[in-house]
*Asks:* 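Below you will find the structure I want to go over with you.
Numbered from 1 within each chain, the chains take letters A, B, ... in sequence-line order.
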There are 2 protein chains.
Amino acid sequence: MAEDRDMPVIDLQDSGKRAALFERIRRDHSVEIAEDYVELIADLIETNGEARLVDLADLLGVSRPTVNNTIQRLQKEGYVESKPYRSIFLTDKGRAVAEHARQRHHMVLDFLHTIGVPADIAEADAEGLEHHLSEQTLDCLARATEALKKASGHGDNQS
Amino acid sequence: MAEDRDMPVIDLQDSGKRAALFERIRRDHSVEIAEDYVELIADLIETNGEARLVDLADLLGVSRPTVNNTIQRLQKEGYVESKPYRSIFLTDKGRAVAEHARQRHHMVLDFLHTIGVPADIAEADAEGLEHHLSEQTLDCLARATEALKKASGHGDNQS
DNA sequence: ATATAAATTTAGCCTATGCTAAGTTTGCGA
DNA sequence: TCGCAAACTTAGCATAGGCTAAATTTATAT
């Protein structure tokens with residue numbers, strides 16, 4: 001069991017590089033919620049014709065005031081638009097983010113299904129993963145998914 | 001490319017299921033930081049013999065008081081132990097979490113390398129992804145990595 | 001031995017995200 | 001039309017995670 005195991009080998013010298021990684025994580029967090037909201041708002045508008053605060057709260061599992069707060073932040077940041085007591089709309093910026101988020105969501109889900117993760121677990125994990133993929137990783141993931149599909153179904157592909 | 005595309009199809013009926021997914025995300029967030037700290041503390045102890053607050057702060061890219069706050073929370077939650085003005089130690093619980101986190105980190109990194117993500121991008125993405133993988137997905141990911149390695153190098157491709 | 005530097009802690013502030021309880025507005029039905 | 005219920009907002013609170021500035025403690029070097 002004497003592999004290379006860990007080799008953490010921390011350069012206390014240049015901690016800046018490592019610090020930058022964590023900085024990205026922290027930055028991502030604030031974007032994550034925006035993406036979840038915006039994606040859900042897009043879905044609601046498509047299926048219901050409008051996005052109401054009360055539906056968002058139910059679907060997100062948080063209280064109405066919480067949604068209200070966040071919507072106001074998202075409005076300040078230019079993702080959504082809404083007038084008091086009216087339903088919520090996406091700005092162009094918001095729509096772009098929603099579309100992007102949805103693409104990533106589909107891709108991650110497709111990948112997870114392809115490697116054999118059960119549907120419900122895939123749904124849950126995708127929700128967490130989709131916010132942490134760079135464009136390049138997304139590309140590689142798409143190619144890997146294709147490769148795996150071909151490899152597994154080379155004789156006969158089910159589904 | 002006219003696939004099934006979106007099909008959001010929101011069940012306003014049972015929003016509980018969807019809400020549970022987001023609840024998991026929120027819960028994960030509080031665990032994420034704990035994992036990052038604990039993993040880093042383990043690395044520091046291995047390489048330096050001890051984990052000092054000042055090194056953690058530098059490596060994480062946050063201020064010393066911030067680390068101090070978090071360490072105190074982690075102590076309350078039973079991950080670490082430290083007496084005032086002394087360096088930081090892991091509890092058994094903390095060591096277990098660190099080991100688990102490290103395994104996941106390695107696995108994610110191995111996978112990302114295998115699908116051709118450049119090393120520096122893989123490092124950055126792994127940092128975000130590793131906290132959002134269920135055990136089952138981790139298993140599937142390990143198998144997929146093996147499959148891809150075999151597939152790409154089955155004749156004798158270089159590296 | 002003691003001054004000084006380095007490390008840690010405390011105090012006080014900010015923002016984001018949650019909450020409940022208590023107003024307002026809107027809109028529908030009688 | 002007008003009252004009431006549902007939807008939304010405001011107010012006030014909590015926690016987590018950031019920060020800077022100012023103690024305080026520890027360790028080092030002369």
*Asks:* Looking at A:T66, does any N or O in its side chain come under 4.0 Å of the phosphate oxygens OP1/OP2 on C:dT17?
*Replies:*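 So the side chain of A:T66 is outside the cut-off, no N or O lying under 4.0 Å from OP1 or OP2 of C:dT17.
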
*Asks:* Should A:R95 and A:E99 count as an ion pair when the cut-off is N to O under 4.0 Å?
*Replies:*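 So A:R95 does not pair with A:E99 through a salt bridge.
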
*Asks:* Closer to the 5' end of DNA chain C via nearest nucleotide, is it A:E77 or B:V54?
*Replies:*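 The residue closer to the strand's 5' end, by nearest nucleotide, is B:V54.
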
*Asks:* Heavy atoms under 4.0 Å, any strand shown: does A:E23 hit a base, just sugar-phosphate, or nothing?
*Replies:*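 No contact.
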
*Asks:* Can you check side chain to side chain contact (heavy atoms under 4.5 Å, CB included) on B:M107 and B:L133, steps first, answer last?
*Replies:* CA-CA 11 Å; B:M107 180 166 304; B:L133 295 160; over 6 Å; no

*Asks:* Would you indicate what A:E32 reaches in the nucleic acid, counting non-hydrogen atoms under 4.0 angstrom: base, sugar-phosphate, or nothing?
*Replies:*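 Since no nucleic acid heavy atom lies under 4.0 Å of A:E32, the category is nothing.
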
*Asks:* With the threshold set at 4.0 Å, does a side-chain nitrogen-carboxylate oxygen contact exist between B:E123 and A:K17?
*Replies:*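 Between A:K17 and B:E123 there is no salt bridge, as every charged N stays at least 4.0 Å from the carboxylate O atoms.
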
*Asks:* Quick one: is A:S63 getting a side-chain N or O under 4.0 Å of the C:dG18 phosphate, OP1 or OP2?
*Replies:*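 Indeed not, no polar side-chain atom of A:S63 lies that close.
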
*Asks:* Quick check on DNA chain D: between B:Y85 and A:N68, whose nearest nucleotide comes earlier from the 5' end?
*Replies:*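 Nearer the 5' end of the strand: A:N68.
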
*Asks:* Pick base, sugar-phosphate or nothing for A:P65, based on heavy-atom distances below 4.0 Å to the nucleic acid.
*Replies:*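 The residue A:P65 makes base contact.
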
*Asks:* Nearest of C:dC19, C:dA7, D:dG18 to any side-chain atom of B:V62?
*Replies:*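 Nearest to the side chain of B:V62 among the choices is D:dG18.
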
*Asks:* Measuring to OP1 and OP2 of C:dT10, would you say a side-chain N or O of B:Q72 lies under 4.0 angstrom away?
*Replies:*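 Yes, because at least one side-chain N or O of B:Q72 sits under 4.0 Å from OP1 or OP2 of C:dT10.
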
*Asks:* Can you tell me if B:D110 and B:T145 form a side-chain donor-acceptor pair at under 3.5 Å?
*Replies:*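 Side-chain D/A pair, B:D110 to B:T145: absent.
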
*Asks:* Between D:dA16 and B:R73, is there an OP1 or OP2 to side-chain N/O distance shorter than 4.0 Å?
*Replies:*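 So the side chain of B:R73 is outside the cut-off, no N or O lying under 4.0 Å from OP1 or OP2 of D:dA16.
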
*Asks:* Is A:R86 close enough to C:dG27 that one of its side-chain N or O atoms is under 4.0 Å from OP1 or OP2 there?
*Replies:*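 Checking C:dG27 against A:R86, a side-chain N or O does come within under 4.0 Å of OP1 or OP2.
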
